[in-house]
Amino acid sequence: MELGWLLWGTAVLLLLHVLMELSPSVNFALRIGFYCVLCLVASGLAAAACLLVNGGRTVKNMRIIRAVVRTFKYFFGVRFEVKGLENFKVEGPAIIVSNHQSILDMMGLMEVLPDNCVQVGKKELMYTGTVGLITYLGGVIFINRKSTSSAKMVMSEVAKTMVAENVKVWVYPEGTRNCTGDLLPFKKGAFHIAVQAQVPVIPVVYSSFTTFYNPKTKLFTSGKIKVEILPPIETKGLTSDDVTDLTDRCFNTMRETLFRLSGRPSEAKDSS
């Protein structure tokens, strides 16, 4: 009986392997499925560790979450090349902004996440099982993207909390995932916070994932992600009248860096 199950199991694994080699769609679906299951299981284990070590919701839990998520890259053959970590070493709080490409961004986030840093995320994350639980325990600040007034109120509170608790806040200014290899126009919320709190903006840029991950073409293989943390942009002395210029400056700098890291230097030159 045991031999029969072993043979059947081996046959199924071989069939899946053949299908993955022959069909990009099957390969993509299986790898995405495994990624989702890994997120749920790892989140449950990390949540238990967070509760045991720190007792509840606190930014300190991000150290545990970071350690767990950093192991994901070994499952998927993803390599990181990081430059500019020293730019996170600013005195006091700061706003960190980065490009937002896919569900794989969590691996990139945790690869470079500094201590005492929380993220701003959509409210819907709270209802994703153990993933929602671990984001809550890690201190993620949830906003309702469907309510402009609610989002503005939360952002205003973020500015006060950031200064009072001396934490850095990580924001995706595009507002949604964008796997095109370019940037979407930036929303101004993060830059309003930075100016209101008079704290620096630290841009972080990840190279395009499109060479190894593309949902439209069902591509998901191993690959390398280049990450560059750019020098802080000071906001001291700026007012709300300067937010648009600050947003545009950050967008242009990050877009040029994205093209350069992704091996598209001519487009970087054209965009300047």
Side-chain angles (χ1 to χ4, degrees), residues 39 93-113 117-128 131-132 135-136 138-162 167-197 199-210 213-216 225 227-230 233 235 238 240 242-259 261-262 271:
C39 286
I95 291 290
I96 302 171
V97 293
S98 72
N99 51 323
H100 191 19
Q101 300 186 63
S102 76
I103 60 173
L104 303 184
D105 285 346
M106 182 174 62
M107 289 195 289
L109 170 68
M110 294 301 166
E111 189 68 21
V112 301
L113 186 77
C117 180
V118 296
Q119 298 80 53
V120 172
K122 57 185 180 181
K123 187 178 180 181
E124 290 83 354
L125 280 174
M126 294 179 65
Y127 311 111
T128 54
V131 173
T135 54
Y136 170 81
V140 170
I141 300 166
F142 299 104
I143 61 171
N144 183 359
R145 295 187 302 181
K146 296 179 181 179
S147 172
T148 303
S149 60
S150 174
K152 286 182 177 179
M153 189 179 301
V154 171
M155 288 300 196
S156 179
E157 289 301 315
V158 168
K160 297 176 184 177
T161 302
M162 179 174 55
V167 295
K168 295 177 176 63
V169 177
W170 190 297
V171 183
Y172 294 109
E174 290 172 280
T176 189
R177 296 172 190 161
N178 169 36
C179 197
T180 64
D182 202 343
L183 293 180
L184 295 175
F186 283 180
K187 299 181 183 300
K188 297 179 182 178
F191 305 96
H192 275 292
I193 294 175
V195 169
Q196 182 181 336
V199 300
V201 176
I202 306 176
V204 178
V205 183
Y206 295 86
S207 61
S208 174
F209 295 178
T210 53
Y213 178 86
N214 191 331
K216 291 182 179 180
I225 299 172
V227 191
E228 191 164 327
I229 298 96
L230 303 178
I233 300 173
T235 64
L238 299 186
S240 58
D242 300 305
V243 168
T244 297
D245 287 340
L246 176 64
T247 305
D248 291 343
R249 177 184 172 189
C250 194
F251 175 87
N252 290 330
T253 300
M254 289 178 65
R255 190 167 187 247
E256 290 176 18
T257 305
L258 170 63
F259 289 153
L261 294 179
S262 304
S271 66

Can you list, pair by pair, the side-chain donor-acceptor contacts under 3.5 Å of residues 94-101, counting residues two or more places apart and other chains?
unit_1, atom_1, unit_2, atom_2, d
Ser98, OG, Trp170, NE1, 2.9
Asn99, OD1, Tyr206, N, 2.9
Asn99, ND2, Tyr206, O, 2.9
His100, ND1, Asp105, OD2, 2.6
Gln101, OE1, Phe209, N, 2.9
Gln101, NE2, Ser207, O, 3.0

Val195 and Asp242: CA distance, side-chain angles, deciding distance, side chain to side chain contact (heavy atoms under 4.5 Å, CB included) verdict | CA-CA 8 Å; Val195 169; Asp242 300 305; 5.6 Å; no

Give a yes or no on this: more than 12 heavy atoms of other residues, nucleotides or ligands lie within 6.0 Å of atom OH of Tyr136.
-> no

Should Ile193 and Met162 be marked as a side chain to side chain contact (heavy atoms under 4.5 Å, CB included) after you check the CA-CA gap, both sets of side-chain angles, and the distance that decides it?
-> CA-CA 9 Å; Ile193 294 175; Met162 179 174 55; 3.7 Å; yes

Glu174: what forms a salt bridge (charged side-chain N to carboxylate O under 4.0 Å, His left out) with it, not counting sequence neighbours?
-> none

Straight-line distance of Asn252 CG to Thr247 OG1, nearest 0.5 Å | 10.5 Å

Provide the closest heavy-atom pair for Ser208 versus Gly181 in the form atom of the first, atom of the second, distance.
-> OG-CA, 3.6 Å

One should read off an interatomic distance between Met107 CE and Ile225 CD1, to the nearest 0.5 angstrom, of 6.0 Å

Which atoms form the tightest heavy-atom contact between Val204 and Met254, and what is the distance?
-> O-CE, 3.5 Å

Check Pro173 against Phe191 and note the closest heavy-atom contact, atom names and distance.
-> CB-CE1, 4.1 Å

Does a side-chain heavy-atom distance below 4.5 Å link Asp248 with Phe186?
-> no

Would you check if Gln196 and His192 make a side-chain contact, meaning some heavy-atom pair closer than 4.5 Å?
-> no

Asn178-Thr180 side chain donor-acceptor pair, cut-off 3.5 Å | yes

Check the pair Thr176, Leu184 against side chain to side chain contact (heavy atoms under 4.5 Å, CB included), reporting the backbone distance first and the verdict last.
-> CA-CA 9 Å; Thr176 189; Leu184 295 175; 3.7 Å; yes

Less than 4.5 Å apart, any side-chain heavy atom of Gln119 and any of Thr135?
-> no

Is there a donor-acceptor pair closer than 3.5 Å between any side-chain N or O of Thr235 and the backbone N or O of Ala194?
-> yes

Distance col, row Cys250:SG vs Leu183:CG, nearest 0.5 angstrom, shows 9.5 Å

Can you tell me which residue pairs pass the salt bridge (Lys or Arg N to Asp or Glu O under 4.0 Å) test with a partner in residues 201-210, sequence neighbours excluded?
-> none

Taking all non-hydrogen atoms of both residues, which atom of Pro203 and which atom of Ile233 are closest, and how far apart?
-> CG-CD1, 4.1 Å

So, does Thr161 use its side chain to make a donor-acceptor pair with the main chain of Val158 at under 3.5 Å?
-> no

